[in-house]
Each structure stands twice: as C-alpha cells, then as structure tokens.
Amino acid sequence: MRNTFTDSDALGVTAVRMLAVDMVQKANSGHPGLPLGVSPMAYTLWRKFLRHNPANPNWPDRDRFVLSAGHGSAMLYALLHLFGYGLTLEDLREFRQWGSRTPGHPEFGHTAGVETTTGPLGQGFAMAVGLALGERFMAKEFNRPGHEIISHHTYVIAGDGDLMEGVSAEAASLAGHLGLEKLVCLYDDNGITIEGSTRLAFTEDTAGKFKAMNWRVIRVADGNDLTAVAGALAKARRPCGKPTLILVKTHIGYGSPHHDTAKVHGEPLGDGMAETRKFYNWPHAPFEIPDAVRAHFGQVKTELAGTEKSWARKLNAYRTAFPDDHDRLLKRFAGELPADLEAALPVFRPADGAVATRIALGKTLNALGEKLPALYGGSADLAPSNKTDLKNRQDHVIHFGIREHAMGAIINGLALHGGIVPFGATFFVFADYMRPAMRLAALMGCGSLFLFTHDGIGVGEDGPTHQAVEQLAGLRAMPGLLVFRPADANETAHSLALAIRLKKPAALAFTRQDLPVLDTEKLDIKAGVARGAYAVYGGQELPDVIVMATGSEVGIAVKACQELAAKGVKARAVSMPCLELFEEQDEAFRDALLPPRVRARIAVEAGSSLGWHKYTGDGGVVIALDRFGASAPWKVNFEKFGFSAANITATALKLLGK
C-alpha cells in the first residue's frame, strides 16, 4: 500500500537528510534548512508516487519533479544518489565545487535526473505549469481510446519564497483557469525566510488564495508524518479538474540546534552537526551509508525499473494498434523536424509592396503550423497585434492572458517537456517582464521561442513607455540566447525557421510599421540569415564605406548606399539579423563581409549603441538611440532621431572627408 511505511523508509529519510547536511558542511556553503525540513515529503513522493526510472531518466511518460526551491539542491542530489541516478559519493563530496555535477542550484542538462534549472524563486513553480500543460497537449494529440500512452503528473516542491514571487501568482492563476489536474505542488510551509518569520511580509491566506484560483487545497499538519503526506498525495492524484496545492507544515532545519530559525536557512550546521546526528540517532561518519540503507534503495530501484517496463508494454500495444501515431510520437520526443520544413515558408516579393515584419511573422507561423504539429504557443493578450494566432490550429493556441513573466517560464516548461516547439509573444518593451525566464532558457539551452513585435520607435504615438530602446543590447548581452532582428518579411520567415531548426532559445524582434521587401531572386536570404549577416547592396567590390544595420534600418541603409553610389562612392549595405550567429562564422567570412582595411564604417540601429563600436572601430560612427523615444508618428520619430538615408549619406561623406 502507498501509505504503508517501514523502518527502512524512516532510515531512508534520515539518509537523505544526513547526506544533504554532510554536503553543505564539507562545502562550507549551502542550505541545510530545507533538506532537514522537507526530506520526508520528498522521500515519500519519490518512493511511493513518482513514476520514474533511475536507469533511464528521460523516458517520455515519466512523472516530472521540479524542486522550485532550488537552494535545497543538496536534498535533490542526495535523492539522486540514493535512488541510483549515477551521482557518486565523490560527486556529493564535490558539492558546489568547480566542475562538479552537484552545483549550488540544480542545472538542467548538467546532472541526470534534474528536470529543470531552478533557484530564482518562483521560476520552477511556473515552469512546472508548462510541464503539466505539455503533458495535456501531447496526451490530447496522441492518446486513443483504450491507449492512454501519455499520462503523467508534474510534482513541484515550493517554499514560502516561491509563492511570494509574482511569477508564481501569474502561473497559478493560469493553471487554475486551465484546470491542470495533473499538477501537484507540495508547499513547504515552514514560516521562515532569510530575514526571519514570514509574518514580517507574508500574512495572506495562502489556502484561500489558491482556492480562489481554482486549485484543490489539501493540508498536512505534520511534514514528518509520512503516512499523512502519502494520504495527501494519493488524494492529489484523484481527478478533480483542478491542480492541487498540498500545504505541508514543516520545521526548517528540523533536528538541528537552530530549527525554526532563519539562521539554519543558508549556513552550514558547523558545531551543530554532532547534536543533529545525535537527534537522528545517526552514528555514521559523513557520507557513510549503512548497508541496510543501500539494500533498501537497491530494492526500490528494481521496483522503479518495472514502472517503465509497464509503460513499454503499453507502448508496444499502441504500436500494434496505431503504427503511424507510434512513429510520430517517438519522432516528436526525439525532436525530429520535417526535412522540408523551409519549403513551407511564404515567399514575399518586392512587387507586392512593403510588409511589416509582424505581419510576415503571422503568415510564417501559420504556414509552419500546417507543417509542424509540434508548434504550440500564444500571446500575452496581444495576438491581434502580434499576429500570432494559429488560425487553422486553434487547439494549438495558448491564451496566456496579461502574464508575460509566467508566459516565459511556461514556454520553458513546454520546451523541457519534449515533443513541443513552444512560443510566446508580446511587445518588445515587455521583454523586461520576461527577462528572468529568458535568462533561464539561455542557461538551459532549451528551444524556447520568444517573439516580440512593436520593436522600437516605430511604435510611434504610444510613446517612450512602449518603445524598446535598450532591450536589444540587453538581450544580446545574455550568453546562450540568439537574438534576431530581421530586416524584412523574407528575413522574418527564415529567421523563425532557423530558430526552430537550431533548437536553441531565441528572441526575435519584429516591426509594427511596413518595411520594403528584399528580393529573394537577387539575394540568398536563407544563407545570409544562417550566417547572421550578409551584404544586401554593394557586395561585389571592395567598398569605400560599409553601412551595417538591422531590422527596419536596413532598408534605410540600402537607400543611403544607393545615394552614395550616385555620388561616386562605393558603399556596401550589410544586414546583420543575428550578431550571435555572425560571431560564430570563421574569420575569413567575417573579414570578407567587413574588410578590415575599410575603416569608414557606420552602424545604424534604432536602439542603444552599446556593442556596435566593436564593428565600427575607431574610424567609424554609430547612429543609434542612447535616450528614450518620443510620442509622435513613426516616420517623424525616425527623421528626428537621425534614422534617415540623408543623415547616413551625410555621415558617410564626412567620414570619407568629402
């Protein structure tokens, strides 16, 4: 029975606790409070309820576990070691050390069994909503009567700090609205934060708040009562049309001299180790695991392997009944994309007139949606403006509401779930609301697509509050994130397809205003986007001056180069849709495009100048916007701020001494 526990289970819980505090003590750094308080509920979940297989951490229908309170990573590493995920005692001894598999906070892709990077509070909770949403999406597409091939739960352990963060409120609200009944949050309700009692700043009725957001709420009065925790988890698994919050009353640092105080949150136990070991009747040396405990977890590991074997039998039956769906399912979880994906892209022609890149985005998304069933996402209540509505696949659309931060985290969860190409959209200036989630996407390298329209002063009359200026430079400063700012409709199509193909986190910025269309018959736009930069005018001979630009400024740069050519100046216009990809090219390509001997260079971008001097050098000029914008028609803004062909031409002539 799930609610039956033995002395072996009690020893198992103690082993998790002691390994965790041993790690913190040896590192002289870390957080012993959470492991001492939370290990009973974590052990109960992993031992009795979590469907997982340490021998194959990534099998598709496993339950997902997220430690949102990532500062308690020592507990997670203890669980991974004892349950047999491949972490050795030596790995535990290297907790928080250079190059170890046990970093200070859990890192996705770094340690087997870690489903997501956590630590920034609230992010794990919100990503868990994405994981649960991913399960529902895949189940709806692939399950058949009598063949429930996708059916798993997402469990998250969150603390007071997680639930104080606004992103958790956003995500919880959406999860309740969507009725994600396979999402279960165990709330470590210990009443302590770094500054002291939670009552200093957190006195709300958490249970009432979650009930109001359409969550089922269960209480456990004593977090050390394994039977009570198991009973709550068993109830949480019963369908009710709502996600579940289990409020578990715990004691931070339980069993240590400083339990129920802020001191035990983030400091090694030090001299208190001996007293803590005595409290738990644990006479063993640091990192010593008794044979009885080893034998217990060995048996548990054997049992857990049977969980996946049971699913494998279901998968074989599914393959017999639905061979095509079976093959599609495996390809989806393997991340396979159609070889001819780019063939679905719309082609835009100059003769058809100027096109805003947000309009091109909408057409491209819908074209790819027909070819790519994995495409799933939506907008933060801006789909009519972002043009991100999937018109023929409404069941692939998420209405995130005005919850940008949660949207970013949720699409990270969708990307981590597997089988899904997720996207979220809003205005570019609101990338600031999403930045913590984007940073985690970059850290994890997951294939989240962040789509931003209304990319700058071209927003016009809405004024500086809605005009992105510093956002491009800020996102380009983020390691691991690809930032695209396409110059026209065709660059838009190829940028989006490439971002999907690369499976890396990417931010793409699009215009509100119409832009001239580049000619695909004269330019190899696909190759240009793939290399991050290419010549769109004057690329055949050594130029006198180079004008580099992105987005809406490329068309202006081309016009300026044409004016310069009429004056006898050899000018090259270079579109640079993705600086990160350009930097990945070899030196020969970069020097051919931007010849070092050509010192007369101009960079043009209607945003911060930060970063552009690298390309202009000492002899060049950056035409940028190192101030906020203004409320005026967009054409007036461009003219007043110097983003005009006339200003570029005059600047070039001055550089050349003409």
Side-chain angles (χ1 to χ4, degrees), residues 472-473 475-487 491 494-495 498 518 522-626 642-643 645 647-658:
L472 274 168
L475 293 183
R476 285 173 180 151
M478 190 179 291
L481 181 70
L482 296 176
V483 181
F484 292 86
R485 189 172 183 241
E491 277 196 14
H494 286 290
S495 293
L498 181 63
L518 298 172
K522 296 179 180 178
L523 298 170
D524 190 347
I525 295 174
K526 178 182 178 182
V529 168
R531 288 179 165 177
Y534 64 113
V536 292
Y537 181 87
Q540 301 304 313
E541 57 183 342
L542 186 70
D544 299 318
V545 63
I546 299 171
V547 183
M548 300 164 279
T550 72
S552 50
E553 291 76 74
V554 171
I556 301 169
V558 170
K559 185 177 180 182
C561 287
Q562 291 170 338
E563 292 180 0
L564 288 166
K567 297 177 182 294
V569 175
K570 292 181 288 186
R572 176 178 296 178
V574 175
S575 175
M576 303 184 76
C578 183
L579 300 186
E580 295 78 20
L581 291 177
F582 177 63
E583 289 295 331
E584 291 179 4
Q585 306 309 307
D586 60 36
E587 185 177 6
F589 172 80
R590 288 184 278 120
D591 285 351
L593 184 62
L594 306 176
R597 62 188 288 189
V598 181
R599 299 188 69 245
R601 300 181 178 195
I602 302 171
V604 187
E605 188 168 71
S608 169
S609 64
L610 190 66
W612 279 108
H613 296 89
K614 174 180 181 178
Y615 299 108
T616 59
D618 294 339
V621 172
V622 180
I623 299 175
L625 192 65
D626 289 321
F643 299 103
N647 185 43
I648 297 171
T649 299
T651 302
L653 293 173
K654 184 176 180 180
L655 274 176
L656 295 169
K658 296 185 179 182

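As the structure is a prediction and not an experimental result, all values here were calculated from the model. The figures that follow rest on heavy atoms only: side chains count, while hydrogens, waters and symmetry mates do not. We count residues from 1, following the sequence as given.
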### Query
Do the non-hydrogen side-chain atoms of Val574 and Tyr537 ever get within less than 4.5 Å of each other?
no
#### Entry: Separation of Asp591 CG from Asp586 CG (nearest 0.5 Å)
9.0 Å
### Task
Please confirm whether the backbone N or O of Leu656 pairs with a side-chain atom of Asp544, one donor and one acceptor, at under 3.5 Å?
no
### Query
Does a side-chain heavy-atom distance below 4.5 Å link Phe589 with Glu584?
no
### Query
For Pro577, does its backbone N or O pair with a side-chain atom of Arg485 as donor and acceptor, under 3.5 Å?
no
### Query
How many angstroms lie between CD in Glu580 and CE in Met478, if you round to the nearest 0.5 Å?
11.0 Å
### Summary
Ala624 and Gly607 have their tightest heavy-atom pair at CB-O, 3.2 Å
### Message
What I'd like to find out is whether the side chain of Leu542 reaches to under 4.5 Å of the side chain of Pro595, using heavy atoms alone.
### Response
yes
### Test item: Glu553 side-chain N/O and Ala606 main-chain N/O as donor-acceptor pair under 3.5 Å
yes
### Task
Could you grab the distance from atom OG of Ser575 to atom CG of Leu518, nearest 0.5 Å is fine?
7.0 Å
### Heavy-atom closest contact (Pro543 atom, Val598 atom, distance)
O-CG2, 3.5 Å
### Query
Taking everything shown except Lys570 itself, do over 12 heavy atoms lie less than 6.0 Å from its NZ?
yes
#### Entry: Min side-chain heavy-atom separation Val547-Ile648 under 4.5 Å
yes
### Query
How many angstroms lie between atom CG of Leu482 and atom CG of Leu498, to the nearest 0.5 angstrom?
8.0 Å
### Any side-chain heavy-atom pair of Arg572 and Val545 under 4.5 Å
no
### Query
Between Ala535 and Leu593, what is the shortest heavy-atom contact and its length?
N-CD1, 3.5 Å
### Message
Taking salt bridge (charged side-chain N to carboxylate O under 4.0 Å, His left out) as the cut-off, I'd like each qualifying pair that reaches into residues 593-605, sequence neighbours left out, listed once.
### Response
Arg476-Glu605
### Message
Within the structure provided, determine whether Ile602 and Met548 are in side-chain contact (heavy-atom separation under 4.5 Å).
### Response
no
Result block: side-chain N/O donor-acceptor pairs under 3.5 angstrom for residues 613-622, not counting sequence neighbours:
{"unit_1": "Lys614", "atom_1": "NZ", "unit_2": "Glu583", "atom_2": "OE1", "d": "3.3"}
{"unit_1": "Lys614", "atom_1": "NZ", "unit_2": "Glu583", "atom_2": "OE2", "d": "3.2"}
{"unit_1": "Tyr615", "atom_1": "OH", "unit_2": "Glu583", "atom_2": "OE2", "d": "2.3"}

### Query
Taking side chain as C-beta onward, heavy atoms only, is Leu579 less than 4.5 Å from Val483?
no
## Note on the structure
For Arg590, the side chain to side chain contact (heavy atoms under 4.5 Å, CB included) test, sequence neighbours excluded, returns Phe582, Gln585, Glu587
### Task
Given side chain to side chain contact (heavy atoms under 4.5 Å, CB included), test Phe643 with Val604 step by step and report yes or no.
CA-CA 8 Å; Phe643 299 103; Val604 187; 3.9 Å; yes
### Query
Are more than 12 heavy atoms from other residues, nucleotides or ligands located less than 6.0 Å from atom NZ of Lys654?
no
### Query
Got a second to check how far Asp524's CG is from Tyr534's OH, nearest 0.5 Å?
9.0 Å
### Message
Working to the nearest 0.5 angstrom, can you tell me the gap between Asp626 CG and Ser608 OG?
### Response
5.0 Å
### Query
Taking side chain as C-beta onward, heavy atoms only, is Cys561 less than 4.5 Å from Thr649?
no
